[in-house]
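Every chain is numbered from 1 and lettered A, B, ... according to where its sequence line falls, protein lines coming before strand lines.
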Amino acid sequence: MDIYSTLNERQREAVLAPRGPLLVLAGAGSGKTRVLTYRFLHLVYDEGIKPDRILAVTFTNKAADEMKERLHNMFQQYMGLDITPPWVRTFHSASLMILRRYLSSDEAKSIIRSRIDKLLLKDMNLGSDFTVADRDDSLMVIKNIFKERGYKVKSTGDDKKAMARFLEDVSLAKRRGIYDPDKFEMYYAPDYWNLPIGYRDLFKMYHSELYASGRLDFDDLLGFAHMLLEDEKFGAKIRHLFDAVLIDEFQDVNDVQYSMGKHLAEDHGNITVVGDVQQSIYSWRGASPQYVDAFLKDFPDATVVKLDINYRSAKKIVSVANSVSQSMATRHRFSVRSHSDEDGKVQVIPVSDEYAEATQVANMIHSLSISEGIPYEEMAVLYRVNAQSRHFEEVLGRYGIPYVLVKGVSFYARKEIKDVISYLTVIHNPRDKVAWQRIINTPPRGIGSVSQDKLWKHFDDVDDISQLASVLSGKGAASFKRLWSHIVRWRKMVEEGISLVELLKDVLQGSGYLDYLIDAGEDMRRENIGELMNIMAAYDAEGKTLSEFLAEMALRTDQDTADSKDGVKLMTIHAAKGLEFDVVFLVGVEDGYMPYRRGGFGWRDVDDEEEEKRLFYVAVTRPRKHLYVTYAQYRTLWGDTVARKPSPYIEYIEYALDDESEESFDDNETYKIPADDISMLKEGDRVYSDQFGYGRVIKVIPPASIKVEFDDGTKRRFRLGMASIYKVIS
DNA sequence: TCACTTCGTATTTTT
DNA sequence: TACGAAGTGA
């Protein structure tokens, strides 16, 4: 039986590539996930690697879940095995697993301590039972720092902006592996800064507080795992867990993630990366598409396979995609070929204003549903910014067309969910100050702001949390003691192995939280807690512990639940990445939205505008059958009605539609790798120079020079590293 | 602690 | 413009 018979030639080539580094450049809709899962299977089936010794990392839970499920089915079907590989995870979750395993050891602790020594103002409380701080938690830590030092900092206006900016910078810095407060100050401190604590000191205080509470933020999960990997001796331990590494959405990796991948492949070089630079839309979050080049440099003997057959979209849509692609300055862009027999439809529709736009789209949704029988959930409205969704919601609602607004606001970020999770967090780790702050007076139990201030002031000084009762008086003290005795009781229940659902039930009763919701008539919130219980029941069924539950909760968003619901999907282009629909309405395709421009200012740099184009590429490659593009002549923004011009990108659509008859793939055959080391080149290799064009290497002259004969017959000598010379690969 | 008013804000946000 | 969050007063 040939288990690879359903793959096309290129996919097969990728899946069956020899052990060692492999780069798969996967165009939109070219079967990227297929290749990744079959590669996994191949490594097990043909190469004899154990499934639990392959690390496959993705960026989203959804992608990880999907891959896990597919692998489970494949192992069942082809090998008769009922297994789900344990290391198919997001970067964050894989890092968390690694830290859970090792952070209890003194050796690991001392490696990390030595790396963050300059950050610590108080003892860190980190062991393998740490919990994860999300953005809200981090913000709370920052606010506390000011409050406890008697500074008045508002949660609005400039102060709010400054705190947000600070956290953003902390995140960006740590994604680059920067934990040194001096470096942080140097690279990130803004020109004007009006908060009473400086950037450098706040960086230290933030981390001291966080680590004293036994918490790590998202970036620390990667950062700490990376520190352990970087240590020569300890790194080997982690590397020995895996015989192969696979990375999905490789164009989106940041510095730390890339370095982790590289370290993990150090012993065996067995690393597969799959990505599409044309769909790199997260560089503003620290992702670097340049790592595709770095990969080719670090693994010069990598097998490179390009998947250029698009199985998703009809012909016209593919030719629009190619037309956008051909205008990109991005290296490693390439055209894809449509596999479809259908033409599909691409239409540009001018409308008068945003209201007409929504009405037009609603009408078309209605008629497509009737005339072509396309179900609502197979249609999507994509826009650049969330603010654009309002009119569509309004009009679709009026038409009685079901819709789902897919927004970042997570189920897990809801107040009631966070409250309940905070109770469980305190039970798990009573030293977690942020969690305490959420539950101390929720529901109200007479511990007001004055009492609370006293509590937080002494929180770190006591050996045992119960001693805090002595800083309060009267009602507050009694109330605190009562709460504490509950917590002690719950901790005992956990020790005795109570199920998560039973524990939560007791917490809801004992804390008074349930009565509090009932009295307030908060039925919706009660339902949400019910939903949380369902999730917990699933954890119970798998025999997972409280600690595991808390860890995984923090890494979950509800993106996956969002798109299972029926109805037309409304979402930003960013949120649509990786999804596909029969019909896509791409709306607001105007200059100023695409590319996006804020406040009339120009672009900071060309890269930003290139990324806007890539975003447009992502948008036009979502539909299977039809793509409708709308732009408004007038639009009310900030209370002003202004005239709008169509987006310059519309041109690519028109070009593709005019040009359709002669589908050209002129640039399809080659791409280039920067060559700055002679080990990458040998005599006879095709090369390209920005200045002189294409040529062939006629001599390699160590240590760093080559001689090239260009296609026009001229011969030139270059010193690699000085001149931009690219190796051409077909 | 709630209901009302005023204020501030408007790019994307995988974990 | 129009939303949600924070602040105010009873």
Peer 1: Who passes ring pair (Phe, Tyr, Trp, His ring centres under 6.0 Å) against A:Tyr291, sequence neighbours left out?
Peer 2: A:Tyr258
Peer 1: Would you tell me if any nitrogen or oxygen in the side chain of A:Asn61 comes within less than 4.0 Å of OP1 or OP2 on B:dT14?
Peer 2: no
Peer 1: Just checking, A:Arg100 and A:Phe130: is the charged tip under 6.0 Å from the six-membered ring centre and within 45° of the axis?
Peer 2: yes
Peer 1: Please name all residues satisfying salt bridge (Lys or Arg N to Asp or Glu O under 4.0 Å) with A:Glu168, sequence neighbours left out, ordered by chain then number.
Peer 2: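 None.
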Peer 1: Which comes earlier along DNA chain B counting from the 5' end, the contact point of A:Asn441 or that of A:Phe59, where each point is its nearest nucleotide?
Peer 2: A:Asn441
Peer 1: Rounding to a whole Å, what distance do you find between A:Gln257:CD and B:dT15:P?
Peer 2: 12 Å
Peer 1: Excluding sequence neighbours, so at least two apart, what forms ring pair (Phe, Tyr, Trp, His ring centres under 6.0 Å) with A:Tyr282?
Peer 2: A:Trp284, A:His574
Peer 1: Quick one: list whatever passes ring pair (Phe, Tyr, Trp, His ring centres under 6.0 Å) with A:Phe59, sequence neighbours left out.
Peer 2: A:Phe91
Peer 1: A:Arg215 has an atom CZ; how far is it from atom C1' of B:dT15, in whole Å?
Peer 2: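 Rounding to the nearest Å, CZ of A:Arg215 and C1' of B:dT15 are 15 Å apart.
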Peer 1: Name all residues meeting the side-chain contact (heavy atoms from CB on, under 4.5 Å) criterion together with A:Lys68; count only those two or more places apart in sequence or in a different chain, and write none if there are none.
Peer 2: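 Checked A:Lys68 against side-chain contact (heavy atoms from CB on, under 4.5 Å); matches are A:Asp65, A:Thr84, A:Val88.
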Peer 1: Using whole Å, what does the distance between atom C1' of nucleotide B:dT15 and atom NZ of A:Lys174 come to?
Peer 2: 13 Å
Peer 1: Could you tell me the separation between the NZ atom of A:Lys577 and the P atom of B:dT15, rounded to a whole number of Å?
Peer 2: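 Going from A:Lys577 (NZ) to B:dT15 (P), I get 12 Å.
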Peer 1: Once you round it to whole Å, what is the distance between C1' of B:dT15 and CG of A:Asp252?
Peer 2: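 Those two atoms, CG and C1', are 13 Å apart.
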Peer 1: Which is more 5' along DNA chain B, the nucleotide nearest A:Ala287 or the one nearest A:Lys161? Just name the residue.
Peer 2: A:Lys161
Peer 1: Within the structure shown, what part of the strands sits under 4.0 Å from A:Thr572 by heavy-atom distance: base, sugar-phosphate, or nothing?
Peer 2: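 Sugar-phosphate, backbone atoms only, no base.
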Peer 1: Roughly how many Å is it from CE in A:Met67 to C1' in B:dT14, rounded to a whole number?
Peer 2: 16 Å
Peer 1: For A:Glu394 and C:dT1, what is the distance between atoms CD and P respectively, to the nearest whole Å?
Peer 2: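 Rounded to whole Å, this separation is 15 Å.
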Peer 1: Report yes or no: is the ring centroid of A:Phe91 under 5.5 Å from the six-membered base ring centroid of B:dT15, with the two planes under 30 degrees?
Peer 2: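 So no, this residue does not stack on that base, at least one cut-off failing.
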Peer 1: Indicate yes or no: does A:Glu580 engage A:Arg312 in a salt bridge with an N to O separation below 4.0 Å.
Peer 2: yes
Peer 1: For this output row, return yes or no: ring centroids of A:Phe392 and A:Tyr403 closer than 6.0 angstrom.
Peer 2: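 Centroid separation for A:Phe392 and A:Tyr403: 6.0 Å or greater.
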Peer 1: What string of B, S and - do you get for nucleotides 2-10 of chain C, 5' to 3', when a contact is any protein heavy atom under 4.0 Å?
Peer 2: SS--S----
Peer 1: Would you say B:dT12 has OP1 or OP2 under 4.0 Å from some side-chain N or O of A:Asn386?
Peer 2: yes
Peer 1: Between B:dT12, B:dT14, B:dT1, which one does the side chain of A:Pro444 approach most closely?
Peer 2: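 Looking only at side-chain atoms, A:Pro444 lies closest to B:dT1.
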Peer 1: When the distance from CG of A:Leu586 to C1' of B:dT12 is rounded to whole Å, what number comes out?
Peer 2: 14 Å
Peer 1: So, using ring pair (Phe, Tyr, Trp, His ring centres under 6.0 Å) as the criterion, who are the partners of A:Phe166 when residues are at least two apart?
Peer 2: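 Result, ring pair (Phe, Tyr, Trp, His ring centres under 6.0 Å) vs A:Phe166: A:Phe184, A:Tyr199.
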Peer 1: Under the salt bridge (Lys or Arg N to Asp or Glu O under 4.0 Å) test, which residues partner A:Glu249, sequence neighbours left out?
Peer 2: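 Residues passing salt bridge (Lys or Arg N to Asp or Glu O under 4.0 Å) with A:Glu249: A:Lys32, A:Lys577.
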Peer 1: Could you give me the stems involving DNA chain C, meaning stretches of three or more consecutive Watson-Crick or G-U wobble pairs whose two defining distances are both below 3.5 Å?
Peer 2: B:1-10 with C:1-10
